[in-house]
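Step one of this worksheet: look at the structure below.
Position 1 is the first residue of the sequence; numbering continues from there. Owing to the predicted nature of the structure, the values given are computational and were not obtained by experimental measurement.
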Amino acid sequence: TLPFAGLSQNESATIDAFLMDKFEVTNAQFKAFVDQGGYENPAFWQQPFMKNGKRLSFQEVMAGFRDATGRLGPATWELGTFPEGKENHPVAGVSRYEAAAYAEFAGKDLPTVYHWARAASHSASPWLLPQSNFGGAGVQPAGGRANPGYFGTYDMAGNVREWCWNETGGNRFILGGAWNDPAYIFSFASNLDPFDRSPENGFRCIKSV
């Protein structure tokens, strides 16, 4: 059952067994995707690029997936790489399309909201949220806080918000909240344009068993 404000509490689904990344995907992990031509290989980009009801070409979209210096990569990077010393920080500034492409590259998937909610340990919020990176000064290393949920996943509350698979009104769900959000956002089902590359946007992956 989905435990998010704004969604029906009776909305539920049965999901098969799955494994979820213990941590958010890091800059170092995403760099492997970039260095191995992830942005140049259409095979990793399986989802149609839709904007305002119009389908965009691969070339049109890649023209916008650039870092601060015009290289292919997350919006928070420069010169095709992450800031020095940030290899273990979660990758941020990525769209939902980039997250899905990395998952394809890694042989994994993005979680649905049902997978994400199952692992998020919402019932542990009273002790989980005070230990999470909310209202802070910036992103912290993946797993840098002692806030594992019931199933051993870290930083599902705060740090970076995490893209999910499901669509709602043309947007895609992005859950958990970010380092600069109030803690109550953990309980809300947020959604954004799948092209949004805000510096708060990250993700983690799952793999079916």
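Looking at every heavy atom in both residues, Trp127 comes nearest to Pro148 through CH2-O, 3.4 Å. Contact between Ala68 and Glu78 at its shortest, heavy atoms only, is CB-CG, 3.9 Å. Nearest heavy atom pair, residue Ala43 against residue Glu104, reads O-CG, 4.1 Å. Phe134 approaches Ala178 most closely through the heavy-atom pair CD2-O, 3.5 Å.
Taking NE2 of His122 as the reference point, atom CZ of Phe4 lies at 4.0 Å (rounded to 0.5 Å). Considering CG of Asp109 and SG of Cys205, their distance stands at 8.0 Å, rounded to 0.5 Å. Here Asn88 contributes atom CG and Gln140 contributes atom CD; the two are 13.0 Å apart, rounded to the nearest 0.5 Å. A distance of 3.5 Å separates CZ in Phe65 from OG in Ser95, rounded to the nearest 0.5 Å. Atoms CZ and CD1, on Arg161 and Ile174 in that order, are 5.5 Å from each other to the nearest 0.5 Å. Once rounded to the nearest 0.5 Å, the distance linking OG1 of Thr81 with CZ of Phe30 reads 12.0 Å.
At most 12 non-hydrogen atoms from other residues, nucleotides or ligands lie less than 6.0 angstrom from OH of Tyr184. Counting heavy-atom neighbours within 6.0 Å of Asp35 CG, excluding the residue itself, gives a total above 12.
Trp165 and Leu175 fall into different hydrophobic clusters, where Ile, Leu, Val, Met, Phe, Trp and Tyr side chains are chained together by heavy-atom contacts under 4.5 Å. One hydrophobic cluster, built from ILVMFWY side chains closer than 4.5 Å, holds both Leu129 and Tyr150. A continuous path of Ile, Leu, Val, Met, Phe, Trp and Tyr side chains, each step under 4.5 Å between heavy atoms, connects Phe44 with Tyr97, placing both in one hydrophobic cluster. Criterion: ILVMFWY side-chain heavy atoms under 4.5 Å apart, direct or through other members. Under it, Phe58 and Phe195 are part of a common hydrophobic cluster. Val34 and Leu79 are assigned to two separate hydrophobic clusters, defined by single-linkage of ILVMFWY side chains at heavy-atom distances under 4.5 Å.
For the pair Val209 and Asp16, the minimum side-chain heavy-atom distance is 4.5 Å or more. In this structure, Lys54 and Leu56 have side chains that are in contact, with non-hydrogen atoms separated by less than 4.5 Å. Taking the side chain as every heavy atom from C-beta outward, Leu192 and Asn171 never approach each other to under 4.5 Å. With a 4.5 Å cut-off on side-chain heavy atoms, Leu110 and Glu162 do not count as touching. Residues Gln29 and Phe23 form no side-chain contact, since every pair of their non-hydrogen atoms from C-beta on lies 4.5 Å or further apart. Annotation: side chain of Phe186 is in contact with side chain of Ser125 (closest heavy-atom distance under 4.5 Å). Between Pro90 and Asn159 there is a side-chain heavy-atom pair separated by less than 4.5 Å. Taking the side chain as every heavy atom from C-beta outward, Thr26 and Glu87 never approach each other to under 4.5 Å.
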Test log, rule side chain to side chain donor-acceptor pair (under 3.5 Å), inputs Trp77 and Asn27
CA-CA 9 Å; Trp77 289 15; Asn27 280 315; 2.9 Å; yes
Check step by step if side chain to side chain donor-acceptor pair (under 3.5 Å) holds for Asn147 and Ser132.
CA-CA 6 Å; Asn147 67 343; Ser132 299; 3.1 Å; yes
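For the pair Arg96 and Asp193, the salt-bridge criterion is not met [side-chain N within less than 4.0 Å of a carboxylate O]. A salt bridge is defined here as a Lys NZ or Arg NE, NH1 or NH2 lying under 4.0 Å from an Asp or Glu carboxylate O, and Arg204 with Asp155 fails to meet this definition. Glu98 and Arg197 are joined by a salt bridge, as a carboxylate oxygen and a charged side-chain nitrogen come within less than 4.0 angstrom of each other.
If you look at Tyr102 and Phe203, their ring centroids are closer than 6.0 Å. Tyr39 has its ring centre less than 6.0 Å from the ring centre of Trp45.
Arg55 places no side-chain N or O within 3.5 Å of a backbone atom of Phe49 that could act as its donor or acceptor partner.
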